[in-house]
Amino acid sequence: MRKLALNDEILMSVEKPARYIGNEINMVKKNPEQMAVRFCMCFPDVYEIGMSHLGIQILYDMFNQWEDTYCERVYSPWPDLDRIMRERKIPLFALETQEPVRRFDFLGITLQYEMCYTNLLQILDLSQIPLHADERTWEDPIVIGGGPCTYNPEPIAEFFDLFYIGDGETSYRELLDVYKQSRQQGDSRLAFLKKAAMVDGIYVPMLYDVSYNEDGTIASMSPNCEEAPEKVVKQVVTDMENTYYPSKPLVPYIRATQDRAVLEIQRGCIRGCRFCQAGMVYRPIRPRSLEFLKKRAVEMLENTGYEEITLSSLSSSDYEQLPELVYFLIEECRQRKLNISLPSLRIDAFSLDVMSKVQDVRKSSLTFAPEAGSQRMRNVINKGLTEETILQGAWEAFKGGWNRVKLYFMLGLPGEREEDIEAIAEMANKIAAAYFELPKEKRNGRPEITASTSFFVPKPFTPFQWAPMDTAENFEKKRIFLKGKVREQINQRSIRYICHDAATSELEGIFARGDRRLSTLVEKAYQNGCIFDAWTDFFQPDVWEELLTECGVDRDFYNYREREKDEIFPWDFIDIGVTKAFMWREYENARNEKVTPNCRMQCSGCGAAKFGTGVCVEQRIGTADGRGGCAE
């Protein structure tokens, strides 16, 4: 098999050549000739972003523990190398062996966000793999998608042979065994895909037919063969102890976005924020044991040389043994002179005792996510935070020695009013004012309060999947209004306001709830030079605008309209456990500004109990039998 290591001339002509040479610390080396399955794991963005993705680190470690499998990696070439590869007809290659991606058995593409869709076509094109699944032969790898965007894979369904729905640790072994058997038996590619469709969590788009009503909504989506199930059930890791987690994660030679050891303390979330797709699709919450986390933390620090460790979770404060874990890490980091990062914290749950314990550890900024400025809007989105608890939490942070706080909010939430937007500026000002209540001798310079706003995008499998999305024009008006309100605040010198781009948010909304008919738009955008759309410097709004018109994509249909209660969604064939009926009830609760208790306080019958794990089988307060129950 021909190796494709780039020569020195090419490497010296591109930015950051270390993106393409491999051989990082902890990289796995195997003999490809002795492997039954070659799997190339891809993150369709630049190396520094892809190397920061925990999911790929976990799967890379898992695949390479299997004696019959060699997992390698590939990332999107930056535009400078992309140009050279096209000019010199160099096919895309994997980092470990520098061999062409097209020669692998599988190409697994992680779909983390909608604005990477043109990059996945870049990967296929540079790999010389046909873009459309129905044009591929056994000369091409099986292209499989995973990650958050697979919870509505339809806009890119034509480009994939398979999608894997859910936690990757559960069904991949069976899938690879089915593949090995099919190849040994001489099955056709279609025969293998039909067998793959019978593996739990696997969705094969070409085995389903979709019909549409006159108004453009879906009339039906059904399997076209007996092997394909009516519903594809997401995969859930139920045992968080005896599962895969890397003790020797890959360490790049250049600074990655996540340049630290990452300790995943739990999966799922109990909070039920109505805008949050992750909080719904990763239910139920499943914590890892304290001993497991201590062991992995020490191993990762010893095997990587990182100077910082961070806790990964949707809501770290809901990890019930957080204080004990942090105490342990504080001691480890003090001995090693390292830093601890504590993201995803709920202000009302942050422990003053824990804060005081980290006074001797190097401080970084704290990140809080009130999401909305007013109490009314926090009730609408089920955030469950009061202004009092937010300000109290900030005060405790300042007393603990922090002076940098990041605050995340959203604009364009359902039912939003002007006073709700103004409340964002007022809250940032109150937090800055709280800092100045400290005695001067205890202050660490001027506070740095960063208020960041993104634009609300309705996502599949959330109570707001029925909600209309605001227009880009309105988003821009709201951004300007809020910026002006920040400048009016007394402590505005201590407040920095930043905002996400409205045009990309609008496209994200179209793809998030889109259907198969959008594949033409994605393909034409790529053909017209659109890649790295998530990057401001490369995003081409004019090109996208022209193509939306050319392809007849109706913004009113995909973004601005409110969906009917019984409308068939493109993602309804996926069973995430949480039921559509529960999410509709939550949508109505949002309209009534009604808060739903979190999962540990009271079971709301979302349906996730079917998986029989995590919080769904814990003892809980607020229910007659101490366990609650499932109303669905």
Legend entry - Set of residues satisfying ring pair (Phe, Tyr, Trp, His ring centres under 6.0 Å) with respect to Y558, sequence neighbours excluded: none

Legend entry - Side-chain ion pair, E545 and R555, N-O less than 4.0 Å: yes

Inset, instruction - Flag the pair S13 / I84 as yes when at least one side-chain heavy-atom distance between them is below 4.5 Å, and no otherwise. - result: yes

Inset, instruction - Show your reasoning for whether side-chain contact (heavy atoms from CB on, under 4.5 Å) applies to W78 and V14. - result: CA-CA 9 Å; W78 198 240; V14 300; over 6 Å; no

Legend entry - Check: P541 and F539 side chains under 4.5 Å, non-hydrogen atoms: yes

Inset, instruction - Test M221 against I568 for side-chain contact (heavy atoms from CB on, under 4.5 Å), laying out the working first. - result: CA-CA 9 Å; M221 180 176 179; I568 297 175; 5.7 Å; no

Under 3.5 Å, which donor-acceptor pairs do the side chains of residues 522-530 form with other protein atoms, sequence neighbours left out?
unit_1	atom_1	unit_2	atom_2	d
E523	OE1	H132	NE2	2.9
E523	OE2	H132	NE2	3.2
K524	NZ	E550	OE2	2.8
Y526	OH	R86	NH1	3.4
Y526	OH	R86	NH2	2.8
Y526	OH	D125	OD2	2.6
N528	ND2	K524	O	2.7

Legend entry - Geometric cation-pi criterion, K580 with F569: 6.0 Å, 45°: yes

Inset, instruction - Verify whether one side chain among Y560 and E506 offers a donor that lies under 3.5 Å from an acceptor in the other. - result: yes

Inset, instruction - Might you point out which heavy atoms bring E586 and N382 nearest each other, and give the distance in Å? - result: OE1-ND2, 4.2 Å

Legend entry - Basic-acidic side-chain contact under 4.0 Å: K406, E448: no

Inset, instruction - Step by step, work out the side-chain hydrogen bond (donor to acceptor under 3.5 Å, both in side chains) result for Y497 and T450. - result: CA-CA 6 Å; Y497 172 55; T450 301; over 6 Å; no

Legend entry - Heavy-atom closest pair, residues R446 and N403: O-ND2, 3.3 Å

Legend entry - R73 to Y60 six-membered ring, cation-pi geometry met (6.0 Å, 45°): yes

Inset, instruction - With ring-ring contact (aromatic ring centres under 6.0 Å, His included) as the test, would you mind laying out the steps for H53 and F43 before giving the verdict? - result: CA-CA 8 Å; H53 187 253; F43 194 97; 5.3 Å; yes

Inset, instruction - Apply the test side-chain hydrogen bond (donor to acceptor under 3.5 Å, both in side chains) to residues N592 and E588: give CA-CA distance (whole Å), side-chain angles for both, the deciding distance (0.1 Å), then the verdict. - result: CA-CA 6 Å; N592 295 322; E588 291 185 317; over 6 Å; no

Legend entry - Flag side-chain contact, heavy atom, 4.5 Å: R283 against C606: yes

Inset, instruction - Any pair with a residue in residues 146-159 that passes salt bridge (charged side-chain N to carboxylate O under 4.0 Å, His left out), sequence neighbours left out, goes on the list, sorted by first then second residue, please. - result: E154-R516

Inset, instruction - Step by step, work out the side-chain hydrogen bond (donor to acceptor under 3.5 Å, both in side chains) result for W544 and Q540. - result: CA-CA 6 Å; W544 278 102; Q540 302 180 63; over 6 Å; no

Legend entry - Close aromatic pair by centroid cut-off 6.0 Å: F275 and F464: no

Legend entry - Side-chain ion pair, E416 and K478, N-O less than 4.0 Å: yes

Inset, instruction - Would you please test N491 and S494 for side-chain hydrogen bond (donor to acceptor under 3.5 Å, both in side chains) and show each step? - result: CA-CA 6 Å; N491 295 295; S494 300; 5.3 Å; no

Inset, instruction - Go through the structure and list residues passing salt bridge (Lys or Arg N to Asp or Glu O under 4.0 Å) with R513, not counting sequence neighbours. - result: none

Inset, instruction - Specify the closest pair of heavy atoms between V143 and D161, including all atoms of both residues, with the distance to one decimal. - result: N-OD2, 2.8 Å

Inset, instruction - Give me the ring orientation class for Y203 and F163: parallel if the planes are under 30° apart, tilted from 30 to 60°, perpendicular past 60°. - result: parallel

Inset, instruction - Is it possible for you to check whether R517 lies under 6.0 Å from the centre of the six-membered ring of Y212, through NZ or CZ, and within 45° of that ring's axis? - result: yes

Inset, instruction - Would you please classify the geometry between the F538 ring and the F532 ring as parallel, tilted or perpendicular, with 30° and 60° separating the classes? - result: tilted

Legend entry - Minimal non-hydrogen separation, D45 against N119, with atom names: CA-ND2, 4.1 Å

Legend entry - Presence of salt bridge, E562 and R591, under 4.0 angstrom: yes

Inset, instruction - Check whether any side-chain heavy atom of R271 sits under 4.5 Å from a side-chain heavy atom of D318, and report yes or no. - result: yes

Legend entry - Beyond-backbone contact of L263 with S312, side-chain heavy atoms, under 4.5 angstrom: no

Legend entry - Any K485 side-chain heavy atom under 4.5 Å of E426 side chain: no

Inset, instruction - May I ask you to test the L518-I156 pair for a side-chain heavy-atom distance under 4.5 Å? - result: no

Legend entry - Closest contact, heavy atoms only, Y20 versus F93: O-CE1, 3.6 Å

Inset, instruction - Inspect the contact between E387 and K430 and indicate whether a charged nitrogen and a carboxylate oxygen are less than 4.0 angstrom apart. - result: yes

Legend entry - By ring pair (Phe, Tyr, Trp, His ring centres under 6.0 Å) - contacts of Y117 (at least two apart): F511

Legend entry - E87 atom CD, over 12 foreign heavy atoms within 6.0 Å: yes

Inset, instruction - Working to the nearest 0.5 Å, report the span between CG of N152 and CD of Q277. - result: 8.5 Å

Inset, instruction - Using only heavy-atom distances, determine whether the side chains of E564 and W466 contain a donor-acceptor pair under 3.5 Å. - result: no

Inset, instruction - Fit a plane to each ring of F461 and Y151, take the angle between them on a 0 to 90° scale, and name the class: parallel (under 30°), tilted (30 to 60°) or perpendicular (over 60°). - result: perpendicular

Legend entry - More than 12 heavy atoms of other groups within 6.0 Å of I490 CD1: no

Legend entry - D533 CG to T118 OG1 distance, which is reported to the nearest 0.5 Å: 3.5 Å

Inset, instruction - Drop me the distance from I218's CD1 to F573's CZ, to the nearest 0.5 angstrom. - result: 9.5 Å

Inset, instruction - Check whether any side-chain N or O of S127 sits under 3.5 Å from a backbone N or O of L92 as a donor-acceptor pair, and report yes or no. - result: no

Inset, instruction - Find the distance between SG (C40) and CD1 (I123) and round it off to the nearest 0.5 Å. - result: 8.5 Å

Inset, instruction - Check the surroundings of atom CD in E473: do more than 12 heavy atoms from other residues, nucleotides or ligands lie under 6.0 Å from it? - result: no

Inset, instruction - Would you mind checking if R561 and E567 are paired as a salt bridge, meaning a charged N to carboxylate O distance below 4.0 Å? - result: yes

Inset, instruction - Would you please indicate yes or no on a ring centroid separation below 6.0 angstrom for F398 and W395? - result: no

Legend entry - Nearest-0.5 Å distance that lies between atom CD1 in I531 and atom CG in L120: 12.0 Å

Legend entry - Reported CD1-to-CD1 distance for the pair I424 and I495, which is rounded to 0.5 angstrom: 12.0 Å

Legend entry - Counterpart residues, salt bridge (Lys or Arg N to Asp or Glu O under 4.0 Å), relative to K565 (two or more places apart): none

Legend entry - Any side-chain heavy-atom pair of F159 and S519 under 4.5 Å: yes

Inset, instruction - Return the minimal non-hydrogen interatomic distance between I381 and A372, and the atom names on each side. - result: CD1-CB, 4.2 Å

